[in-house]
Amino acid sequence: MEVVIADEYTLAELAADAIEALLRTEAAPVIGLATGSSPLRIYDELTTRHKNEGLSFARAQAFMLDEYVGIADDHPQRYRNVIDAEIATRVDFAEGAVHGPEGSADDLAAASADYERKIAEAGGIDLQILGIGSDGHIAFNEPGSSLASRTRVKSLTHQTRLDNARFFDGDVEQVPKLCLTQGLGTIMEAKHIVLVATGGNKAEAVHQMVEGPISAMWPATVLQMHPHVTVMLDDAAASRLQLGDYYRHAYENKPEWQSL
């Protein structure tokens, strides 16, 4: 696990560099897209490179991490609509290249299995963007989730619904109680994971993820077992790290040939 501590703009540029390298070198790149505030600067940077430098997504496929259950298809906070607004319609993905779990499906178990199949048929995810919740969840794998879980229905914790209420006019009762989410086992199959966290409210979750014991109580700790994870933090999110100075030293003295 590599830890990078920098300002938000530098983090966005570094993450965009990794995605650009994938897009320019792979014949059929597959990107995992996340919602939330953490990846927004990354999406803005990628859009700028698409418009100004011709960075193309035309050969790529993308898969979303999760989707609310019981939310109208035209609701602005339906995650498919959020991803379309934040990145998918701002660049040149081919029609049908961006996939999301079908939270409105009649048979949610079948929809979950179908989503797993689609990811496998695409060859798996090359680079997965992640955020982290204040309780250590990644995607919507809440505390207590199986570390081997696959795409499935999950109940959202009250804390997660409180955290997301800001997207629903501050009203937690408007936040759905169920979701479809990639499982921790699904996420762990991505070849490269780039997790971005900013702000002091993420500091304890980041500390547990990077330096704590692996535990279902902090689902993101499963990433310690992944061979290629880049954790990108601002100073506030990194403030609880016991080895923060070492992580800074290691990154500053990283060999030039070693990419993210």
Over all atoms of both residues, closest heavy-atom pair of [X] and [Y]:
{"X": "S215", "Y": "T221", "result": "N-OG1, 2.9 Å"}
{"X": "L180", "Y": "V69", "result": "N-CG2, 3.8 Å"}
{"X": "V153", "Y": "S112", "result": "N-OG, 4.4 Å"}
{"X": "S38", "Y": "A197", "result": "OG-CA, 4.4 Å"}
{"X": "M1", "Y": "M209", "result": "CE-O, 4.2 Å"}
{"X": "L22", "Y": "V30", "result": "CD2-O, 4.1 Å"}

Sequence neighbours excluded, which residues qualify as side-chain hydrogen bond (donor to acceptor under 3.5 Å, both in side chains) partners of H226?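 H226 satisfies side-chain hydrogen bond (donor to acceptor under 3.5 Å, both in side chains) with no other residue.
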Tell me if a side-chain donor or acceptor on [X] pairs with a main-chain N or O of [Y] at a distance below 3.5 Å.
{"X": "Q182", "Y": "M64", "value": "yes"}
{"X": "T47", "Y": "Y43", "value": "yes"}
{"X": "R49", "Y": "L55", "value": "no"}
{"X": "S134", "Y": "N201", "value": "no"}
{"X": "E116", "Y": "T151", "value": "yes"}
{"X": "R59", "Y": "E26", "value": "yes"}
{"X": "D234", "Y": "G199", "value": "yes"}
{"X": "Q242", "Y": "E211", "value": "no"}
{"X": "T25", "Y": "A21", "value": "yes"}

[X] [atom1] to [Y] [atom2] distance, which is reported to the nearest 0.5 Å:
{"X": "L130", "Y": "L223", "atom1": "CG", "atom2": "CG", "result": "6.5 Å"}
{"X": "T181", "Y": "D66", "atom1": "OG1", "atom2": "CG", "result": "4.5 Å"}
{"X": "T230", "Y": "L195", "atom1": "OG1", "atom2": "CG", "result": "10.0 Å"}
{"X": "T186", "Y": "Q128", "atom1": "OG1", "atom2": "CD", "result": "10.0 Å"}
{"X": "N141", "Y": "L65", "atom1": "CG", "atom2": "CG", "result": "9.0 Å"}
{"X": "I193", "Y": "I129", "atom1": "CD1", "atom2": "CD1", "result": "12.0 Å"}

Less than 4.5 Å apart, any side-chain heavy atom of [X] and any of [Y]?
{"X": "I42", "Y": "V196", "result": "yes"}
{"X": "M232", "Y": "L260", "result": "yes"}
{"X": "V4", "Y": "L11", "result": "yes"}
{"X": "I31", "Y": "F57", "result": "yes"}
{"X": "C179", "Y": "L156", "result": "yes"}
{"X": "Y68", "Y": "L178", "result": "no"}
{"X": "R166", "Y": "S37", "result": "yes"}
{"X": "I125", "Y": "I187", "result": "no"}

Are E142 and S155 close enough, and set up right, to give a side chain to side chain donor-acceptor pair (under 3.5 Å), and what steps lead you there? CA-CA 8 Å; E142 301 282 30; S155 295; over 6 Å; no
Should the ring pair F63 and Y115 be called parallel, tilted or perpendicular, given that the plane angle runs from 0 to 90° and is split at 30 and 60?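 Perpendicular: the ring planes of F63 and Y115 meet at over 60°.
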Assess whether side-chain contact (heavy atoms from CB on, under 4.5 Å) is satisfied between H228 and E2, documenting all intermediate values. CA-CA 8 Å; H228 191 187; E2 180 180 27; over 6 Å; no
Verify the neighbour count for atom NZ of K254: are there more than 12 heavy atoms of other residues, nucleotides or ligands below 6.0 Å?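 Yes - once you tally the heavy atoms of other residues, nucleotides and ligands closer than 6.0 Å, there are more than 12.
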Check the surroundings of atom NZ in K191: do more than 12 heavy atoms from other residues, nucleotides or ligands lie under 6.0 Å from it?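 Buried by this count: over 12 neighbours within 6.0 Å.
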All side-chain contact (heavy atoms from CB on, under 4.5 Å) counterparts of [X], not counting sequence neighbours:
{"X": "D73", "result": "R78, S104"}
{"X": "A94", "result": "A97"}
{"X": "T10", "result": "A6, D7, L14"}

Could you check V222 against M188 for side-chain contact (heavy atoms from CB on, under 4.5 Å), going step by step and ending with a plain yes or no? CA-CA 8 Å; V222 72; M188 287 288 285; 4.1 Å; yes
Tell me which pairs pass salt bridge (charged side-chain N to carboxylate O under 4.0 Å, His left out) where either residue lies in residues 83-110, with sequence neighbours left out.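 For residues 83-110: D44-R90, R80-D84.
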Any salt bridge (charged side-chain N to carboxylate O under 4.0 Å, His left out) pairs touching residues 152-165, not counting sequence neighbours?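 Of all non-adjacent pairs touching residues 152-165, none passes salt bridge (charged side-chain N to carboxylate O under 4.0 Å, His left out).
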Could you tell me whether F168 and H75 have their ring centroids closer than 6.0 angstrom?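 Close enough - the centres of the two rings lie under 6.0 Å apart.
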Same cluster or not: are M225 and L147 linked, directly or through other Ile, Leu, Val, Met, Phe, Trp or Tyr residues, by side-chain heavy atoms under 4.5 angstrom apart?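 Yes, same cluster.
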If you apply the rule salt bridge (Lys or Arg N to Asp or Glu O under 4.0 Å), what do you find for R41 with E13, and how did you get there? CA-CA 8 Å; R41 293 193 193 280; E13 290 177 356; over 6 Å; no
Y79 and side chain to side chain contact (heavy atoms under 4.5 Å, CB included): which partner among I71, T35, L33?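 Passing option: T35.
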Using the rule given for side chain to side chain donor-acceptor pair (under 3.5 Å), can you reason through S56 versus H50, listing the C-alpha separation, both sets of side-chain angles and the distance that settles it, and then say yes or no? CA-CA 6 Å; S56 178; H50 167 67; 5.9 Å; no
Salt bridge or not for R248 and D235, using N-O below 4.0 Å?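 A salt bridge links R248 with D235.
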For H137 and I132: C-alpha separation, side-chain torsions, deciding distance, then whether side-chain contact (heavy atoms from CB on, under 4.5 Å) applies. CA-CA 6 Å; H137 73 253; I132 185 172; over 6 Å; no
Applying side-chain contact (heavy atoms from CB on, under 4.5 Å) to W218 and E204, what does each step give before you reach the verdict? CA-CA 10 Å; W218 294 92; E204 180 61 24; 3.9 Å; yes
Start with the C-alpha gap between H249 and D245, add the side-chain angles, then the distance that decides, and say whether side chain to side chain donor-acceptor pair (under 3.5 Å) holds. CA-CA 6 Å; H249 171 80; D245 289 342; over 6 Å; no
